[in-house]
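All of these numbers come straight from a predicted model, not from anything done at the bench. Naming convention: chains lettered A, B, ... in sequence-line order (proteins, then strands); numbering from 1 in each chain.
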Amino acid sequence: MPEGHTIHRAARQQNRALKGRTISVSSPQGRFAADAARIDGAVLERVEPYGKHLFYHWETGEIGHVHLGLFGRFRTSYSVLGDPTAPTGAVRMRLSTATGADRVDRAEVTIDLSGPTVCSLDPPDARAQILRRLGPDPLARKADPTPMFDRIRRSRRPIADLLLDQAVVAGIGNVYRAEILFVVGIHPLRPGDELDDAELHAIWATTCGMLAQGLRDGRIVTVDRNDLGLAPGARRPRGEATYVYKRRACLRCGDTIRTVEAGGRPCYYCPTDQEA
DNA sequence: GCGGAATGTAGAT
DNA sequence: TCTACCTTCCGCT
């Protein structure tokens with residue numbers, strides 16, 4: 001399930017598989033069919049991630065825009081003899097290196113997109129319009145947190161609400177916001193304008209670290225090894241590991257986890273480690 | 001088989 | 001502020 005790290009990971013993988021190649025574009029499910037036909041057989045110049053958004057730069061100059069939303073996902077499959085495997089479920093957009101050419105000199109890659117909130121083919125300026133309403137992306141090179149700090153300092157809204165607002169900072173979702181606030185020891189309902197500079201810098205540093213870790217791991221693991229109580233050399237358990245998100249008891253102190261509504265969604269927190 | 005929940009957003013009100 | 005919607009998966013009957 002997608003927060004910013006998932007998107008950046010997808011972009012990396014898709015650039016490895018598709019960048020600079022001629023791509024068959026289709027929409028087995030049909031809802032992207034008209035747009036797919038316009039770029040079918042075009043060269044995909046690159047896939048660009050920003051926050052939770054993906055931009056597909058096509059040689060035609062048009063920009064594919066994908067946002068996974070809550071349910072969207074990519075599936076990758078490989079085929080040796082040209083024909084991609086049959087799509088599983090409702091596939092909105094299929095990108096494949098299998099172009100029907102006679103000679104196949106390596107395995108073909110097919111990437112299927114299902115369940116996205118957004119999947120569109122837009123004029124070139126659409127990308128800039130979207131970027132204009134997004135805050136800094138902690139996974140972007142040379143990201144500058146200043147605009148995020150300014151917005152938080154000027155706002156009475158709870159910090160948990162602000163961290164979920166993509167115009168403040170792009171790429172954080174409901175898991176990371178809870179985990180970030182836990183790690184920096186800030187109560188989710190603290191108003192933005194009450195945070196001091198040290199707290200803002202701690203939030204940014206923690207956010208960058210967590211998302212980068214998630215990008216490397218391909219899953220959300222926010223818990224420090226030392227807090228897991230593992231024997232030396234023991235491997236981390238599978239699955240995602242959080243301090244407070246969806247937990248009953250705080251992983252650090254054992255206190256009962258509470259939730260509070262912020263940004264229209266439940267924010268998990270530890271009443272002991274994150275005093276009001 | 002059905003219903004609910006899930007790491008999200010956009011558009012209506 | 002609310003509601004609709006994208007799909008999958010899991011637990012319940």
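At the phosphate of C:dT7, OP1 or OP2 sits under 4.0 Å from a side-chain N or O atom of A:Q29. Between A:R133 and the phosphate of B:dA10, there is a side-chain N or O to OP1/OP2 separation shorter than 4.0 Å. Residue A:R265 has no polar side-chain atom (N or O) positioned under 4.0 Å from OP1 or OP2 of B:dA5.
If A:R92 and A:R73 are placed on DNA chain C by their nearest nucleotide, the residue sitting closer to the 5' end is A:R92. For the pair A:K246 and A:G263, both in contact range of DNA chain B, the more 5′-proximal nearest nucleotide belongs to A:K246.
For the pair A:H65 NE2 and B:dG8 P, the interatomic distance rounds to 15 Å; values are reported in whole Å. A:L54 places its CG atom 15 Å from the C1' atom of B:dT9, with the value rounded to the nearest Å. In this structure, A:D161 atom CG and B:dG8 atom P are separated by 14 Å, rounded to whole Å. Distance, A:F71 CZ to C:dT7 C1': 7 Å, rounded to whole Å. A:N174 places its CG atom 11 Å from the P atom of B:dT9, with the value rounded to the nearest Å. Here the C1' atom of nucleotide B:dG8 and the CD1 atom of A:I220 are 13 Å apart, to the nearest Å. Atom P of nucleotide C:dT8 and atom CG of A:D112 are separated by 11 Å, given to the nearest angstrom. Atom-to-atom, CG of A:L68 to C1' of C:dC5 comes out at 15 Å; the value is rounded to the nearest Å.
For the P atoms, the distance linking C:dT3 with B:dG4 amounts to 16 Å, nearest Å.
Note on A:R38 versus A:E62: salt bridge recorded, some NZ/NE/NH1/NH2 to OD/OE distance being below 4.0 Å. No salt bridge links A:R75 with A:D112; every basic N to acidic carboxylate O contact stays at or beyond 4.0 Å. In this structure, A:R157 pairs ionically with A:D165, as a charged nitrogen and a carboxylate oxygen lie closer than 4.0 Å.
Not less than 6.0 angstrom separates the ring centroid of A:H65 from the ring centroid of A:Y56.
Side-chain N or O atoms of A:R92 include none that pairs as donor or acceptor with a backbone N or O of A:L113 at under 3.5 Å.
Here the nucleotide nearest the side chain of A:H67, chosen from B:dT9, C:dT8, B:dA6, is B:dT9.
A:R31 comes within 4.0 angstrom of the backbone, heavy atoms only, and of no base.
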